[in-house]
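Residue numbering restarts at 1 for every chain, and letters A, B, ... go by the order of the sequence lines.
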Amino acid sequence: MPAASADTVVTRFAPSPTGYLHVGGARTALFSWLLARHAGGAGKFLLRIEDTDLARSTEQATLQLLDDLRWLGLHWDNAADLVYQSRRKHVYDAIIESLVQRNLAYRAYETPEELDLLRKAAEREKRQFVYRRRDLSAEQVKQFEGEGRPHVVRFAMPVKEYRFHDEVLGKEIVLGPDEVQDFVIKKADGMPTYHFAVVVDDAEMRVTHILRGQEHTKNTFLHIALQEALGYPRPTYGHLPIIMNLDGSKMGKRDRDKKIRAATQLHLKNTRQSPSDVAAAASVAVSHFEEWLNNASKQLDLPEQSALMHVIGMTESDLPEILVHDFRRNGYFPDALLNFLALLGWSPGGDRERMTMTEMTELFSVAGIGKSNAKFDRAKLLAFNTQHGEATPAPQLVPAFRAYLEVNPDSPLQRASDDQLVKLLEMKKGFRLLREVDEASRFLFVADDQINYDPDAVEKVLRKNDRQGVTVLQELGDVLPNITDWRHETIEKIVQQYCDQKQLGLGKVAQPLRVAISGGTVSPPIFQSLDFLGRESTLARIDRCLGTAVY
RNA sequence: GGCCCUGUCGUCUAGAGGCCUAGGACACGGCCCUUUCAAGGCCGCGACACGGGUUCGAAUCCCGUCAGGGUCACCA
């Protein structure tokens with residue numbers, strides 16, 4: 001394997017498609033992407049799908065992964081020949097065979113149960129379990145093979161001290177000879193293990209720099225041992241600290257599922273509904289539902305989750321955002337997310353925080369990556385998102401808005417034109433999430449007779465204080481039709497005149513109007529909303545409100 | 001438990017022996033602005049885990065304690 005020339009930087013992101021992309025994975029991808037892009041023309045960012053676990057990998061997860069990466073804008077350079085490990089079995093087989101030929105690897109016949117017993121015994125004796133080659137007699141091998149006993153192939157890891165320099169930690173990490181053991185490189189199902197496939201693929205893809213999670217630090221020794229046996233060059237390694245929840249717990253993909261399960265159990269208890277009722281309402285198979293309910297290791301898939309949430313009255317905001325997909329659905333901007341994620345563990349130094357992708361690319365260096373774990377504080381991410389929305393001209397925000405709507409098919413804003421989207425964005429200037437813009441302006445996209453009046457809003461704004469709000473609406477119902485020039489400036493002028501005349505604060509007038517046209521107490525600025533709605537709809541809604549909601 | 005890594009405001013971090021009575025951002029508290037929700041402006045609260053060294057001098061170097069994390073798979 002020829003070594004890459006010294007100045008090239010080839011990085012890779014190698015997720016296993018067992019679910020949606022996690023923010024931790026997104027950060028790993030980002031750092032690898034930044035490292036490659038920082039090198040300019042000499043840099044390449046490659047993508048590889050690690051689907052050697054046949055039982056857990058799915059095609060759908062792969063598609064979702066690619067979609068998330070695209071949404072983030074972390075484009076990979078091997079789009080034409082994306083590497084799927086599951087399709088390279090013959091390559092691994094040949095190399096493993098050669099290792100066996102050279103006596104550097106061998107078949108082992110213990111069953112998982114037997115190994116388990118050995119480990120337990122070691123634990124009882126308070127000694128470290130280390131698997132080393134057991135010399136089997138020719139007869140034993142013959143017998144095992146004759147029985148058709150399944151086998152794995154283990155790599156005979158040379159017993160010695162291993163060390164490598166970790167670029168993130170900035171120091172040498174050492175493994176003593178007594179910790180060395182022979183590890184599996186080919187599973188009983190014939191697939192290579194992760195350890196084997198990464199080493200081969202990273203070498204064949206000429207990867208020069210590997211940035212990955214800290215959980216891989218110790219694995220690195222296995223990988224360098226394999227590289228030495230196979231004559232591969234050793235890439236540069238850096239292990240990233242972990243991202244955790246604010247409370248210090250691990251940020252697991254299952255956090256949302258857990259929360260939904262807890263809420264469901266509470267719901268069942270409070271409403272005395274039977275599990276089968278709830279399952280039916282959410283159109284989930286009862287047996288599947290009950291299994292999930294009682295078994296924390298089971299998970300519902302995304303459509304099932306949203307159906308169930310709807311049934312038990314849970315909303316998206318009740319759930320923690322863990323997956324990149326969650327952030328997209330809730331209306332975060334990819335650049336804001338990425339900027340925030342980058343700062344979880346990396347700093348360009350000084351007071352620098354807000355950066356464009358281009359700036360981050362210029363400033364990025366592995367030396368700037370921190371060594372300690374970081375907690376994921378959504379409040380700060382929200383602030384980043386708000387600032388991004390504030391700083392970017394509305395027309396440039398439209399593609400992001402569309403990307404949001406793409407994963408929120410139920411929003412009435414699907415019907416909005418680009419120009420209307422721009423208008424909404426401008427009206428809601430100062431919004432934190434695109435979801436807020438969406439939810440606050442949905443009333444503008446439903447039919448006049450489909451507005452639902454919030455009883456609390458009606459009570460508080462219209463009926464209270466001797467139905468002052470009702471009076472205001474009735475009087476406005478006489479004033480507003482006279483406006484021929486239906487623009488927000490004009491409407492404001494007329495309404496302001498009305499206020500002055502009646503000695504009323506604007507709030508006393510704006511709120512009843514807001515309830516009448518939107519059904520609730522929160523909307524974009526009132527005059528712009530009226531402008532957007534148009535004269536006919538405004539008058540129709542005031543009429544309907546007076547007629548149906550108040551009495 | 002063994003091995004490995006880490007430890008600056010509530011959170012993310014700046015800091016590479018004197019520039020530090022430790023800077024920024026978010027959060028939080030107060031005030032202002034305001035037609036709702038936001039946004040915005042100003043002010044404030046707030047940290048070098050602890051104990052020993054080394055040094056004229058330590059957040060920065062060394063040791064120990066404590067705390068947190070990772071890992072001990074035919075999962076990646």
Check your understanding: Below 4.0 angstrom from OP1 or OP2 of B:C5, is there any side-chain N or O of A:K171?
Key -> yes

Winner on side-chain proximity to A:Q214, out of B:U36, B:C5, B:A25, is B:C5

Q) Which part of the nucleic acid, if any, lies within contact of A:L169, taking any heavy atom under 4.0 Å across all strands shown: a base, the sugar-phosphate backbone alone, or nothing? A) sugar-phosphate

Partner of B:A22 under the Watson-Crick or G-U wobble criteria, both distances under 3.5 Å, comes out as none

Query - B:A25 OP1/OP2 closer than 4.0 Å to side-chain N/O of A:K380 - result: no

| message | Just N and O in the side chain of A:R119: are any of them under 4.0 Å from OP1 or OP2 of B:A73? | response | yes

Among the nucleotides B:U36, B:C12, B:C75, whichever has the atom closest to the side chain of A:Q511 is B:U36

Notebook entry, point to check: Does A:K429 have a side-chain nitrogen or oxygen under 4.0 Å from the phosphate oxygens OP1 or OP2 of B:G40?
Noted result: no

Review point. Looking at B:G70, does its base get a donor-acceptor pair with the side chain of A:E215 below 3.5 Å?
Key: no

| task | Just call it for A:H239: base, sugar-phosphate, or nothing, with non-hydrogen atoms closer than 4.0 Å on any strand. | result | nothing

### Query
Can you check whether A:F340 and A:Y332 have ring centres sitting under 6.0 Å from each other?
no

*Would you say a side-chain N or O of A:K250 is under 4.0 Å from OP1 or OP2 of B:G70?*
yes

- Message: On the nucleotide B:G24, are OP1 or OP2 found under 4.0 Å from the side-chain N or O atoms that A:R352 carries?
- Response: no

Paired to B:G64 by Watson-Crick or G-U wobble criteria (both distances under 3.5 Å) is B:C50

Inset, instruction - Look at the side chain of A:K371 and the base of B:C5, then say whether one donor and one acceptor between them are separated by less than 3.5 Å. - result: no

Check the phosphate of B:G69 against A:S372, side-chain N and O only, distance under 4.0 Å to OP1 or OP2. Yes or no? no

Between A:V174 and A:P525, the residue closer to the 5' end of RNA chain B by nearest nucleotide is A:V174

